[in-house]
Amino acid sequence: MIIEDIIALLKLHKNIKAIYVTPHRQYPTTVTMSLKRRLELIELSNEYGFTIIEDDYDNEFHFGYRPILPLSSFMELKNYVYIGTMSKVVAPALRIGYIASNDCTLINKVARLRKIIDVQGDSIMEQAVLQLIKDGTIKRHIKKQQIIIRQKGILPKYYYKSTLEIKYLTLSPRVGLPIGSCLKSRSTGY
C-alpha cells in the first residue's frame, strides 16, 4: 500500500467511503504493513472521513515476530470495521465470521442484511463455538496449530532444495503460500 497513491485517489475522488486492507499479511506478498504506514493510514482516515475495513483473516498465525495489533486497536482511529473468520482458526467448513466496529448503526445494518441472506442461520453451531471460546478450547487449539504450522513451515525449504534445481524461490518466513516461480526439476529438466 502506497500512501501517496491513496492521497492522490482521495483528492481525485471526494466520495471514497472506505478502504479495505489486510495489514497483518498482504496477499500475495505476505508483507506486513509497517507501523509508519498504519499510522499514516489512520491519519488519512480521520482527515478524509473514510472507514478502514480491516480483514484480519489470519492474525492468530504469525511467526518470527511478536503479534501485530490490528489497526482497530489504535485509539486514534475514528472509523473502522474489523472482520475475521473462525474458518481459519477452527476448520474451513466452519462458516462463522465476526465483525466489530465503533459504528453501531453499521453493525445493525449488517445484521439486518445478514438476516435477509441467511434467514435460518445455524444457532446450534454458533452456540457450540461460543462455548469453545468461553471454555478456552479454541485458544488451546490455536496454540497447538501454531506449533504444527511452525514445524511444517520449514519442510518446503528442504523439499525444494532436495528435488528441484532452484533458480528462483521465495518462501515466506512466516509460513504462507507465496512461492516464486522459475523452478526446474532435476529429474525431468522442466
Side-chain angles (χ1 to χ4, degrees), residues 1 17-33 35 38 41-42 45 50-156 159 171-179:
M1 174 177 298
K17 303 265 190 252
I19 292 181
Y20 174 86
V21 295
T22 56
H24 179 74
R25 192 155 64 176
Q26 291 283 1
Y27 183 84
T29 63
T30 72
V31 172
T32 300
M33 188 185 296
L35 178 61
R38 287 169 184 251
L41 185 60
I42 289 170
S45 171
F50 64 83
T51 298
I52 295 176
I53 302 172
E54 179 176 16
D55 187 352
D56 208 2
Y57 63 92
D58 70 346
N59 186 34
E60 293 81 8
F61 301 107
H62 43 269
F63 305 96
Y65 57 89
R66 291 185 331 201
I68 305 238
L69 292 174
L71 286 166
S72 58
S73 68
F74 286 85
M75 297 297 287
E76 301 86 11
L77 182 57
K78 294 178 184 173
N79 305 304
Y80 70 86
V81 175
Y82 180 82
I83 57 177
T85 177
M86 297 303 291
S87 66
K88 300 283 191 280
V89 174
V90 179
L94 185 61
R95 308 308 294 167
I96 295 177
Y98 52 88
I99 182 171
S101 178
N102 57 349
D103 184 347
C104 293
T105 305
L106 177 69
I107 295 289
N108 289 330
K109 284 181 184 178
V110 169
R112 284 194 302 275
L113 290 171
R114 179 70 184 142
K115 285 180 183 177
I116 294 169
I117 295 169
D118 187 8
V119 178
Q120 185 174 342
D122 191 348
S123 59
I124 294 173
M125 183 63 77
E126 290 167 3
Q127 290 301 313
V129 170
L130 179 61
Q131 183 60 42
L132 293 173
I133 291 170
K134 284 182 175 180
D135 71 15
T137 300
I138 289 190
K139 191 174 189 175
R140 289 189 302 276
H141 171 73
I142 289 170
K143 287 184 180 195
K144 287 179 188 175
Q145 290 303 309
Q146 288 172 333
I147 292 167
I148 291 168
I149 292 171
R150 191 175 289 120
Q151 291 168 346
K152 286 184 176 183
I154 297 167
L155 295 177
Y159 172 77
L171 290 170
S172 170
R174 292 175 234 104
V175 178
L177 183 60
I179 296 177

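The figures that follow rest on heavy atoms only: side chains count, while hydrogens, waters and symmetry mates do not. On a predicted model such as this, the values are computed, not experimentally measured, just so you know. Numbering starts at 1 and runs along the sequence shown.
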side-chain contact (heavy atoms from CB on, under 4.5 Å) involving Leu35 - partner list, sequence neighbours excluded: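 Leu35 satisfies side-chain contact (heavy atoms from CB on, under 4.5 Å) with Leu39, Phe74 only.
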Nearest non-hydrogen partners of Pro23 and Leu71, listed with the distance: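 Closest heavy-atom pair between Pro23 and Leu71: CG-CD1, 3.8 Å.
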Arg38 to Leu69 - nearest heavy-atom pair and separation: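 Nearest pair, atom of Arg38 first, then Leu69: NH1-O, 3.0 Å.
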Arg114: partners by salt bridge (charged side-chain N to carboxylate O under 4.0 Å, His left out), with sequence neighbours left out: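 Expected list: Asp118.
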Taking [X] for its side chain and [Y] for its backbone only, find out whether a donor-acceptor pair lies under 3.5 Å.
X	Y	value
Ser45	Phe50	yes
Thr51	Tyr80	no
Asn102	Lys78	yes
Glu54	Ser72	yes

Rounded distance [0.5 Å steps], CD1 in Ile42 versus CD1 in Ile52: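 Spacing of CD1 (Ile42) from CD1 (Ile52) equals 5.5 Å.
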Spacing of OG1 belonging to Thr85 relative to CG belonging to Asp55, to within rounding of 0.5 Å: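 One finds 9.0 Å between OG1 of Thr85 and CG of Asp55.
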Please tabulate, for side-chain N and O atoms in residues 129-138, each donor-acceptor pair with protein atoms closer than 3.5 Å (sequence neighbours left out).
residue: Asp135; atom: OD1; partner: Thr137; partner atom: N; Å: 2.9
residue: Asp135; atom: OD1; partner: Thr137; partner atom: OG1; Å: 2.5
residue: Asp135; atom: OD2; partner: Thr137; partner atom: OG1; Å: 3.4
residue: Thr137; atom: OG1; partner: Arg140; partner atom: NH2; Å: 3.2

side-chain contact (heavy atoms from CB on, under 4.5 Å) between Asn79 and Asp103, intermediate numbers included: CA-CA 7 Å; Asn79 305 304; Asp103 184 347; over 6 Å; no
